[in-house]
Amino acid sequence: MSHGLNPEQQEAVQTLTGPMLVLAGAGSGKTRVVTFRIANLIRHGTRADRILAVTFTNKAAKEMRERITKMIGPKRRPPRGATAPPAPVIGTFHSNCVQILRRHARKLGYPERFAIYDRSDQESTAREVLRQLRVHTGMLKPAEFLSHVSRWKNAGVRFDQAHELARTDAEHVAASGYRRYQQAIKLCGAMDFDDLLLSTEQLFREFDEVRVAEAGRFDHVLVDEYQDTNQSQYAIICALAGTHRNLCVVGDDDQSIYGWRGAEVRHILSFSKDWPDAKIVRLEANYRSTTAILEVANRLIGFNKTRHDKVLKPARAGGTPPRILQFKNEVEEARGITDEIRKVLERRQHEPRDFAILFRTNEQPRVFETELRKAQIPYSLVGSQSFFDRKEVRDLLCYLRIVDNPLDEVSLLRIINVPQRGIGAKSVEALLTHAVSQAKTVWEIFSDKVFVRGLPEPAQRGIERLQLLSARCQNKLTQPEAALAGVLRELVYDLDYMAALERMYPQADEAQARQASVEEVINALAEYEADAKSPSLAGFLDDVTLAGKEFGSPKDKEQQRNAVSLMTYHSAKGLEFPFVYMVGMEEGILPHRRSLAENYDDVEEERRLCYVGVTRAQDELTLCLPLQRMKWGRPQDTFASRFLYEMTGQADNPNRRRSIDSARKQVAASTRAAAKKSAAKSSKKS
DNA sequence: CTGATTGACGTTTTT
DNA sequence: CGTCAATCAG
């Protein structure tokens, strides 16, 4: 055991009891240490299923599970029907909280089958709440409203306290909405992502017997990416590990990039205050990147004030110094990088999966997508717009959610007239007003015969059909041996959904693509059904909400296995690539203008974001700067990111703006020349 | 009730 | 330049 580990790593792996803080720098083999440690615990007699490991993403959890199975799992596949050997419990905070809450939801006044609302459900609810308050979207947008509410929730501010903290007009409106929002989702028997953590915390606080029971399931708790834990997550950790104190947290304060979500670097900076007997292990050797890259990384992060002092020590000598490339604009940037990648690929030394293009905002990759597609280079856009965000997929899932839980108002409102069944805006409005006045959900109002008879004739029939549809599905589900995928297939048939899609999308190819998505949902459900231990509609929906991004068609999966990665710095955390391109290194983007506005702390977080990007690179790092960027149809000049100057040791350069200006002048000249040329061409033609 | 057109407006990251 | 909400004519 512990072969190939350095002394620090060995200490982290072999000290098995008591609290421990592992300060793991980027590329220090952190993941390896965590998995070795779990394996070691099992070898020393801990039952595997009494170990809880909390990861940041579902993807990380999946990878960790696979690694551990490889290390300690049976050499041969156990015969069919044999009981599976105990395995460690590995998952995100959110998925673990759902497990716990499913067992005790009643205690908190939620139905056993409470729904989980994702971002899009939250936005719909927010929109509805703001509409009821007659707030103009110009004054407070749903997304902004949600960010206020989320901040309050994470800070432990209840909806009756928010008004005291509100300063601006928008915040006061948000405070009024907060109450309604919370009541609305509670009425639907739903929790949003924040609620999952807060409710768990509340559950442990108010019902000690529950806390004792849940904590008693484990003898060891490990937390990865500890720098990104927020207040409630920390409380949950303490509740679970407080008794046995076998708590191992692993993280890097320099990679704390979720402050906006309530993560507190404070937790990792002061761990030893709360756990005075904690052993602290520092992993500073970096096995990932070349010396040339690490020099830049160290120089950059040195500009941050609030941090544990540590320096990444390179294990790989030499290397190519990072390059800084300037392009005329963001289209040229995409074209230039695509070209470079294509050339490297043609030499057959590297594969598409060796490349990553990192950016700050989700709007940036659009240009890259078109260029990569043109060059026929396979790419995968990580994160945004997953399969389950497609309209038709989402609609179908809403049907399933209503079948599972008819009180789920957000889902109902989404598909109440999709495909169209005569329940127009007026009728919906009437239903909603009545529902609110009765403190009931719309689904319950459906059964209010007197009220429904007052609605237009087509609406009445639509409601009846909807009720019938749901009842039929529920009926099928109660039958023994009912296949979930089969029920869904019949639902699609009953809805005549495929034909409806053709009507909704007149273009044949688009309609076909959407119909294919429907097939894929059915496949995904079938796949879930085949894999899950005890499959249920509810379980499938939970998985989709919490880990939706890992689903997808087999074709997509196959294609994405070896593709250039396009992702944000946030989703790049924990990953590594031989070639990394950091794109759009401009003031206003990285650091983002929003974080520049107010305080200094936010710039430090942006710097950490940049640091995360730099430390993803194994062999070659390229920093890119478009000198102009299209904004609202007009090209606008950019300024080079201050981080570029910091990384290159020019932070104090008083002329840094001028030097960029001169570069811009050159580009402007060449642009003018190009414009003249094309003008000449077109005049020749005519 | 539905489908088409017009107008305003746009500052980030995600479990 | 795109997106989405509000508005209007069938």
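Letters go in sequence order (proteins before strands), and every chain restarts at 1.
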Checklist entry - Can you name the ring pair (Phe, Tyr, Trp, His ring centres under 6.0 Å) partners of Y258(A), sequence neighbours left out? => result F56(A), W260(A), H570(A)
Next on the checklist: Would you say T568(A) places a side-chain N or O within less than 4.0 Å of OP1 or OP2 belonging to dT12(B)?
Outcome noted: no
Checklist outcome for this item: Applying side-chain hydrogen bond (donor to acceptor under 3.5 Å, both in side chains) to H434(A) and not counting sequence neighbours gives D448(A)
Checklist entry - What is the nucleic acid contact for S427(A), judged by heavy atoms within less than 4.0 Å: base, sugar-phosphate only, or nothing? => result sugar-phosphate
Checklist entry - Heavy atoms under 4.0 Å, any strand shown: does R131(A) hit a base, just sugar-phosphate, or nothing? => result nothing
Next on the checklist: Please enumerate all residues that pass side-chain contact (heavy atoms from CB on, under 4.5 Å) together with Q231(A), with sequence neighbours excluded.
Outcome noted: E264(A), R266(A), H267(A)
Checklist entry - Base, sugar-phosphate, or nothing for K426(A), non-hydrogen atoms under 4.0 angstrom? => result sugar-phosphate
Checklist entry - More 5' along DNA chain B: W632(A) or P456(A), using each one's nearest nucleotide? => result P456(A)
Next on the checklist: Among residues at least two apart in sequence or on other chains, which ones pass ring pair (Phe, Tyr, Trp, His ring centres under 6.0 Å) with Y226(A)?
Outcome noted: F271(A)
Next on the checklist: For a quick check of understanding: with a heavy-atom distance under 4.0 Å over all strands, which category does R634(A) fall into, base, sugar-phosphate or nothing?
Outcome noted: nothing
Give every pair of a protein N or O atom and an N or O atom of nucleotides 2-6 of chain B that lie under 3.5 Å apart, one pair per line with the distance.
| unit_1 | atom_1 | unit_2 | atom_2 | d |
| --- | --- | --- | --- | --- |
| dT2(B) | OP2 | N417(A) | ND2 | 3.1 |
| dG3(B) | OP2 | Q420(A) | NE2 | 2.8 |

Checklist entry - Can you name the ring pair (Phe, Tyr, Trp, His ring centres under 6.0 Å) partners of H592(A), sequence neighbours left out? => result none
Checklist entry - What integer number of Å spans the P atoms of dC4(C) and dT13(B)? => result 14 Å
Using atom types as modelled, flag every donor-acceptor pair under 3.5 Å from a side chain in residues 452-461 of chain A to any protein atom, sequence neighbours excluded.
| unit_1 | atom_1 | unit_2 | atom_2 | d |
| --- | --- | --- | --- | --- |
| Q460(A) | NE2 | R453(A) | O | 3.0 |
| Q460(A) | NE2 | L455(A) | O | 2.9 |

Next on the checklist: Going 5' to 3' along DNA chain C, which are the first and last nucleotides with any atom under 4.0 Å from a heavy atom of chain A?
Outcome noted: dC1(C) to dA5(C)
Checklist entry - Does E123(A) pair with R119(A) as a salt bridge, N-O distance under 4.0 Å? => result yes
Item to check | Short side-chain N/O contact from N362(A) to OP1 or OP2 of dT14(B), under 4.0 Å | outcome: yes
Checklist entry - Within the modelled atom types, does a donor on one side and an acceptor on the other bring the side chain of R360(A) and the base of dT12(B) under 3.5 Å apart? => result yes
Checklist entry - How would you label the contact of F56(A) with the nucleic acid (heavy atoms, under 4.0 Å): base, sugar-phosphate, or nothing? => result sugar-phosphate
Checklist entry - Got a sec, which residues hit ring pair (Phe, Tyr, Trp, His ring centres under 6.0 Å) with Y497(A), two or more places apart in sequence or on another chain? => result none
Checklist entry - Does a side chain donor of either D228(A) or Q233(A) reach within less than 3.5 Å of an acceptor in the other side chain? => result no
Checklist outcome for this item: In whole angstroms, the gap separating C1' of dT11(B) from NZ of K631(A) amounts to 6 Å
Item to check | Distance, C1' atom - from dA6(C) to dT11(B), rounded to whole angstrom | outcome: 24 Å
Item to check | Nucleotide dT15(B), atom C1' - distance to CG of N58(A) in whole Å | outcome: 8 Å
Checklist entry - So what does Y258(A) hit on the nucleic acid, given a heavy-atom distance under 4.0 Å: a base, only sugar-phosphate, or nothing? => result sugar-phosphate
